[in-house]
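Notes for the one structure printed next.
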Amino acid sequence: MSPDERQFLLTAAWLFLRHGQRSRARAVCEALREEDPRDGTTAAALAELLLDEGAPSRALDILRDADIPPSLSHAAAVLETRALRALGRNAEASARWTRHLESRKGSARQWMA
């Protein structure tokens, strides 16, 4: 599948979601993930759907198995933090978010005094 075809299908999934057709959006994302399980963009989209459906464990597994592009690092951090919190793993969620903040600001800057 070409990158343009993949982008078209992700756009279709987004449109399905915007028009209240969650099951179709999820089906498209799952088909894209089956085609390329390591695609980070598809993983992020599917993880978002799964979190909204109450499946944080599966969302976390999908995110951790994917190659998340740098442009989606913030989204992946948010999604992983949400999944960990939903699973009651609050210490891990806080650590994940802190790692993300440190990676964005660098070790020389502090977020809290």
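Computed from a predicted model, the values in this text were never measured in an experiment.
The backbone N or O of Leu32 lies less than 3.5 Å from a partner atom in the side chain of Arg6, making a donor-acceptor pair. Remark: the backbone N or O of His100 is paired with a side-chain donor or acceptor of Ser103 at under 3.5 angstrom.
Minimum heavy-atom separation, Met1 to Glu5: CA-OE1, 3.4 Å. Listed here is the closest heavy atom pair of Phe16 and Ala25: CB-N, 3.8 Å. For the pair Thr42 and Cys29, the tightest heavy-atom approach, listed with the atom from each and the gap, is CG2-O, 3.3 Å.
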Show which side-chain atoms of residues 49-69 pair as donor or acceptor with protein atoms under 3.5 Å away, not counting sequence neighbours.
| unit_1 | atom_1 | unit_2 | atom_2 | d |
| --- | --- | --- | --- | --- |
| Asp52 | OD1 | Arg82 | NH2 | 3.2 |
| Glu53 | OE1 | Arg26 | NH1 | 2.4 |
| Arg58 | NH1 | Glu30 | OE2 | 3.4 |
| Asp67 | OD1 | Arg38 | NH2 | 2.6 |
| Asp67 | OD2 | Arg38 | NE | 3.3 |

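Here Leu84 contributes atom CG and Leu79 contributes atom CG; the two are 11.0 Å apart, rounded to the nearest 0.5 Å. Taking CD of Glu102 as the start and CH2 of Trp97 as the end, the distance is 12.5 Å to the nearest 0.5 Å.
Contact annotation: the side chain of Ser94 approaches that of Arg85 to within less than 4.5 Å [non-hydrogen atoms, C-beta and beyond].
Note on Phe8 and Val28: same hydrophobic cluster, where clusters join Ile, Leu, Val, Met, Phe, Trp and Tyr whose side-chain heavy atoms are under 4.5 Å apart, directly or indirectly.
Evaluated for a side-chain contact (heavy atoms from CB on, under 4.5 Å) with Arg96, the options Thr81, Leu101, Val78 yield exactly one hit, Thr81.
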